[in-house]
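Have a look at the structure below before the remarks.
Throughout, a chain's letter reflects where its sequence line sits, starting with A, and its residues are numbered from 1.
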Number of protein chains: 2
Amino acid sequence: MLSSNTEDYLKAIYELLEDSGRVTTSALAERLTVAPASVTEMVQKLARMQPALVDYERHRGVALTEAGRKIALEVIRHHRLIELYLAEALGYGWHEVHAEAERLEHVISEEFEDKIAAVLGQPAHDPHGDPIPTREGEVAEPCRRALSQVTAGETVRVARVRDEDPAFLTHLTELGLVLRAPLRVTRAPEGGPLSVEVAGSTRELERAITDHVFVEAVGV
Amino acid sequence: MLSSNTEDYLKAIYELLEDSGRVTTSALAERLTVAPASVTEMVQKLARMQPALVDYERHRGVALTEAGRKIALEVIRHHRLIELYLAEALGYGWHEVHAEAERLEHVISEEFEDKIAAVLGQPAHDPHGDPIPTREGEVAEPCRRALSQVTAGETVRVARVRDEDPAFLTHLTELGLVLRAPLRVTRAPEGGPLSVEVAGSTRELERAITDHVFVEAVGV
DNA sequence: CTTGACTTTTCGGCTTACCTAAAATATACT
DNA sequence: AGTATATTTTAGGTAAGCCGAAAAGTCAAG
Ligand SMILES: [Mn+2]
Ligand SMILES: [Mn+2]
Ligand SMILES: [Mn+2]
Ligand SMILES: [Mn+2]
């Protein structure tokens with residue numbers, strides 16, 4: 001069995017790969033708040049494992065092998081199921097679930113995973129709108145259209161939000177930008193803040209917010 | 001924050017102290033399945049901590065200080081609340097809960113503890129009849145009267161069972177010796193197996209069983 | 001093509017927790 | 001009391017992860 005540590009490295013690599021094709025040592029170091037030297041060491045170990053969990057070449061960054069990806073998705077499934085369970089069954093707010101899931105994800109059994117998935121009705125998305133991988137390691141595409149990219153006049157719905165920062169999530173709640181909330185963009189000036197009609201009132205939303213809220217067409 | 005490891009040492013010391021006044025190095029080593037040398041090292045470290053978590057004198061064994069006892073009870077509260085939650089909310093059998101709780105106990109937050117305690121209605125006992133310590137670190141006396149000590153003719157009720165061995169618990173279930181099950185001892189020959197009437201049928205129960213099932217008077 | 005800034009890796013060291021083997025201590029028995 | 005046996009402790013060593021400092025490698029600007 002892999003250590004919590006190893007699991008967190010694989011998960012971090014997966015998440016960084018979502019944006020870029022290859023992950024750098026320094027990006028990984030920052031994400032995990034460890035020194036770059038520590039990342040190099042760990043990544044070399046992951047590459048030497050049987051089977052190799054990452055693809056690594058000196059000075060070229062790192063990517064996941066199929067084996068590594070499988071494990072990353074398993075941990076992510078745990079994480080997102082736990083987040084949803086905490087929210088649905090124990091009344092956690094969406095800003096509180098991440099920290100708790102970050103630790104629980106490494107210690108639950110497959111039975112626990114199955115039981116909470118069953119209680120939740122085999123859910124497809126976590127409280128932040130991220131897709132929950134299946135037991136078999138398949139995962140749907142996350143919604144990637146940022147609110148900042150919406151043009152004036154369009155009506156959309158909140159489909160996913162960045163989940164790392166509790167304060168950000170609390171702020172979104174206050175603004176009424178909760179999951180599935182419908183909203184209409186009334187003005188979208190070049191580079192400036194968007195005017196958005198949400199929950200009955202119109203608000204100016206900074207780029208710092210609209211870049212981290214993802215939306216889908218209302219009809220879907 | 002203390003490591004899972006440290007927490008398991010303190011818990012093991014607490015549990016061994018329940019039987020004896022002082023815990024030996026070898027008893028701890030066996031309980032934790034580590035070498036005696038490892039126990040000596042760890043115990044010395046616990047004694048050197050600020051504040052000291054154990055009372056230790058070379059070759060004299062070990063006991064908990066107030067600070068150590070507090071932590072042990074906190075971990076045990078986690079363990080027993082989690083066991084009950086798994087049984088009540090997720091449909092685990094009483095033989096499955098221990099292993100899962102053994103890992104979860106170290107990673108849940110105080111919020112999680114409070115939330116499941118509330119869902120369960122501030123329960124007093126875990127699925128094996130062990131008392132659940134309060135948030136404040138108080139704990140009721142566990143039921144200590146072994147079934148093997150009951151005299152012929154008495155009617156009693158299962159109040160607590162040893163919880164370490166899943167196979168033992170499965171066996172108890174088959175025998176109908178579940179928590180709160182009423183039973184009548186019909187014959188109790190000196191040192192021999194007890195005859196016990198339980199769930200409508202009479203059974204011969206070996207010492208290996210009756211020593212690990214604890215009972216209380218029915219009226220209580 | 002060289003230089004300098006930046007990134008990555010290597011090196012030597014630290015901590016925690018474990019081990020085995022050897023030494024020290026305690027206990028039990030004659 | 002003296003000795004054998006059992007327990008406990010010390011000593012020396014390993015493995016995972018982490019660190020800072022120094023060395024090596026990359027790459028873009030001149
Ligand atoms: Mn984690
Ligand atoms: Mn999430
Ligand atoms: Mn444990
Ligand atoms: Mn129990």
Roughly, in whole Å, what's the span from [atom1] in [X] to [atom2] in [N]?
X	N	atom1	atom2	value
B:Lys45	C:dC18	NZ	C1'	12 Å
B:His106	C:dT16	NE2	C1'	16 Å
B:Leu32	C:dA17	CG	P	12 Å
A:Tyr9	D:dA16	OH	C1'	11 Å
A:Glu7	D:dA16	CD	C1'	15 Å
B:Met42	D:dT9	CE	P	15 Å
A:Met1	D:dA16	CE	C1'	16 Å
A:Glu57	D:dA24	CD	C1'	17 Å

[X] and [Y] ion-paired at < 4.0 Å:
X	Y	answer
A:Arg160	A:Glu216	no
B:Glu174	B:Arg203	no
A:Arg135	A:Glu74	no

[N] phosphate, OP1 or OP2, under 4.0 Å from [X] side-chain N/O:
X	N	answer
A:Ser3	D:dG17	yes
B:Tyr56	D:dT9	yes
B:Ser26	D:dA6	no
B:Thr25	D:dT9	yes
B:Gln44	D:dT10	yes
A:Ser38	D:dC19	yes

note = Considering only heavy side-chain atoms of B:Val34, the closest of D:dT9, C:dT20, C:dC18 is C:dC18
B:Phe214 six-ring face occupied by B:Arg145 cation (under 6.0 Å, within 45°) =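 Cation-pi check for B:Arg145 and B:Phe214: fails.
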task = Please check if the side chain of A:Thr65 supplies one atom and the backbone of A:Gly68 the other of a donor-acceptor pair under 3.5 Å.
result = yes
Exam field: side chain A:Arg187 to backbone A:Ala152, donor-acceptor pair closer than 3.5 Å = no
request  = Can you see which heavy atom on B:Ala140 is nearest to which on B:Pro131, and at what distance?
outcome  =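 B:Ala140 and B:Pro131 have their closest heavy atoms at O-CG, 3.3 Å.
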ask   = Which pair of heavy atoms, one from B:Trp94 and one from B:Leu172, lies closest together, and at what distance?
value = CZ2-CB, 3.9 Å
ask   = Would one find more than 12 heavy atoms of other residues, nucleotides or ligands at under 6.0 Å from atom CZ of A:Arg144?
value =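 More than 12 within 6.0 Å, yes.
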ask   = Is the CZ atom of A:Arg22 crowded by more than 12 outside heavy atoms at less than 6.0 Å?
value = yes
request  = Quick one: label B:Ala35 by what it contacts on the DNA or RNA (base, sugar-phosphate, nothing), any heavy atom closer than 4.0 Å.
outcome  =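 Base contact.
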message = Applying the salt bridge (Lys or Arg N to Asp or Glu O under 4.0 Å) criterion to A:Arg77, which one of A:Glu113, A:Glu138, A:Glu136 satisfies it?
response =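 Going through A:Glu113, A:Glu138, A:Glu136 one by one, the salt bridge (Lys or Arg N to Asp or Glu O under 4.0 Å) with A:Arg77 is satisfied by A:Glu113 alone.
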message = Reading DNA chain C from 5' onward, which residue's closest nucleotide shows up sooner: A:Ala27 or B:Ser4?
response = A:Ala27
inquiry  = Using side chain to side chain contact (heavy atoms under 4.5 Å, CB included), reason through A:Glu83 and A:Glu96 one step at a time and then give a plain yes or no.
reply    = CA-CA 9 Å; A:Glu83 282 191 341; A:Glu96 302 171 310; over 6 Å; no
Distances for protein N or O near nucleotides 11-15 of chain D N or O, under 3.5 Å:
none

Atom pairs, N/O to N/O, protein against nucleotides 1-3 of chain C, distance under 3.5 Å?
none

inquiry  = Please encode protein proximity along nucleotides 23-29 of chain C as a string of B, S and -, counting only heavy-atom distances under 4.0 Å.
reply    = --SS---
